[in-house]
Each structure stands twice: as structure tokens, then as C-alpha cells.
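We number each residue from 1, following the sequence as shown.
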Amino acid sequence: IVYNCGAGNVTVNLAAGTSTTVGPFPVGSSCTVTEPVLPTPPDNWTFGVPQISGSPATIVEGDAAAAVAVSVTNSITQDTGYLKISKIFDPLTSGFTGTFAIVYNCGAGNVTVNLAAGTSTTVGPFPAGSSCTVTEPVLPTPPTGWTFGTPVIVGSPATIVKGDAAAAVAVSVTNTIIRNQGTIIVDKVTIPSGSLASFEFNPSWSDANFFLQDASTPHQVVLGTGAY
């Protein structure tokens, strides 16, 4: 705390709840009290603007017990920030248009948000320094013949930093989906065996025909599940 009663600035250091009485000064002197430099706050906390009551003070006659009073009040607040969760998903030709249940926990328990492909949500505020985990424990039901891959989560756990929603710490959750597959094997057998004839096949899964002879290597193809 800096006071000036006409003879220049003088600094006194006070802890919370303490006071100091200075002087004597000539009666009628004007004393200003300021706090130009704040101490370094603890991590993730910020001091507010000091509130000074009674300055400038005019000195009146009396002993130290009758000193003119000035008070300097400081406040401190915990810094806060936000978490942004983004969903990345390419449905391919699956036709899936549903949402995914994303679970985040920033210290106060699990919270679920439902996000569709290409969307995001920003949540908070949370105390700066908080650790936020993001998971996707339960996948939605995929379309028939398709299977979701294991979610890939980037940025979790996330440490909250001071800032507004625009400065949110980012976490992305990426899902994939694949077509279930099976194998069709076409084998040509003639009775009696030994035929040298070449037989043409017109498959429903392709525009290209293929040919087989008796006892030739079977035609094999891997396809997505379904009827052909």
C-alpha cells in the first residue's frame, strides 16, 4: 500500500485483516492512498481492482487512536474456462444420421451430450486447471450390415485454461463405420466330370461376367453383407 501525505510516496506492506497507523502529519494535510502494484496471485486465480475508501484523507488533530481511517479492500476470483467437444464422422453409404452419446467429466460427475456428425458443443465454465475427461462408452445402433469402429478421442484429458467460450480447450471424438463383409465362392462341377466346356456366369454384384470349367479354381469374391 502506498500513501503520500505531502512528503512523497511511502510503501507499507499489509496482510489480510491487519492495519498500520502512520504519522504524525500536520493537521490539514491531504493524504492519498493507492495500491498501484498487486502481488502475484496463486495459479489460476486473479485479483480484482482494489477498492479504496476514505482517500484522499484530511488529517485532523488527535493522537494515533483518533487517526483518520482509510481502508483498502482486495478481492480474488478463481479463473474459469470452457471445454469444446467436436464430433467427426463420415457415414459413407451407411445412411446413419443419428447422434452419438459423448460423456465428459470435469470433476463434478459424468455429463452426457448427444452430437451428430460435424457438430460440436461448448460447455462450462469450469475452474481453470480442472482436468476434463471425454469418453464415448456406448455406441449407437448401426444400420443393418454395418459396424462402428472404436472411437478415436484426441485431447482428453483436457486441462481447462482461463478464457471465454471462444478460447475453449478442444477435444475431438472421431467415429468410423465399416460395411460388414462376407465371401461368395462359385465352384463349377459337371456330371459326369471332366467336361472341357466353359460356362459363363452373370453375377448380380458385378457388371463383369466370369467363366468356369469343371474342376477349375473356384471364383471367389468378398462383398458387403446382403442378398445377391
Side-chain angles (χ1 to χ4, degrees), residues 1-87 101-115 119-135 153-173:
I1 311 296
V2 177
Y3 69 87
N4 189 326
C5 292
N9 290 341
V10 180
T11 299
V12 293
N13 295 291
L14 296 178
T18 65
S19 64
T20 187
T21 301
V22 293
F25 304 105
V27 173
S29 298
S30 178
C31 296
T32 60
V33 178
T34 60
E35 189 177 8
V37 180
L38 291 169
T40 300
D43 288 344
N44 299 318
W45 291 79
T46 298
F47 286 113
V49 176
Q51 302 298 310
I52 301 176
S53 177
S55 176
T58 301
I59 299 299
V60 297
E61 183 178 0
D63 59 11
V68 178
V70 175
S71 65
V72 182
T73 301
N74 293 88
S75 59
I76 192 169
T77 56
Q78 190 167 20
D79 299 335
T80 60
Y82 292 79
L83 175 70
K84 180 179 181 179
I85 305 170
S86 299
K87 167 57 63 181
I102 312 299
V103 177
Y104 70 86
N105 189 326
C106 292
N110 289 340
V111 180
T112 300
V113 292
N114 296 290
L115 296 178
T119 65
S120 64
T121 186
T122 300
V123 292
F126 306 106
S130 299
S131 180
C132 297
T133 59
V134 177
T135 59
I153 301 175
V154 176
S156 176
T159 300
I160 298 299
V161 297
K162 179 182 178 181
D164 59 12
V169 179
V171 175
S172 65
V173 183

Exercise for review: Test P50 against every option in L38, I1, T73, T34 by the side chain to side chain contact (heavy atoms under 4.5 Å, CB included) rule and name the one that passes.
Suggested key: L38

Point to revise | Considering all heavy atoms, the nearest S130-C106 contact | key: CB-O, 4.1 Å

Exercise for review: Taking atom types as modelled, find out whether D79 and T46 have a side-chain donor-acceptor pair closer than 3.5 angstrom.
Suggested key: yes

Revision key, fill the gap. Shortest non-hydrogen pair, A128 vs K162, comes out as CB-N, 4.1 Å

Check your understanding: Would you say K87 has more than 12 foreign heavy atoms packed within less than 6.0 Å of its NZ?
Key -> yes

Check your understanding: From W45 CH2 over to I76 CD1, what is the distance, rounded to the nearest 0.5 angstrom?
Key -> 6.5 Å

**Study point:** Any side-chain heavy-atom pair of N44 and P127 under 4.5 Å
**Key:** no

Review point. Atom CG of N105 and atom SG of C132: how far apart are they, to the nearest 0.5 Å?
Key: 8.0 Å

Study note, to complete from the structure: Note: A158 and V169 closest approach over all heavy atoms is CB-CG1, 3.6 Å

Check your understanding: Any side-chain heavy atom of V123 within less than 4.5 Å of one from V111?
Key -> no

Point to revise | Shortest non-hydrogen separation from V2 to P36 and the atoms involved | key: CG2-CD, 3.8 Å

Revision key, fill the gap. Here the gap from T11 atom OG1 to E35 atom CD, rounded to the nearest 0.5 Å, amounts to 10.5 Å

Practice item. With rounding to the nearest 0.5 Å, note down the distance linking CG in N9 to OG1 in T32. Key: 7.0 Å

Study note, to complete from the structure: Residues I52 and S55: closest non-hydrogen pair is CG2-CB, 3.8 Å

**Study point:** Heavy-atom check, side chain of V134 versus side chain of L83, under 4.5 Å
**Key:** yes

Review point. For L115 and I85, which heavy atoms make the closest approach, and how far apart are they?
Key: CD1-O, 3.7 Å

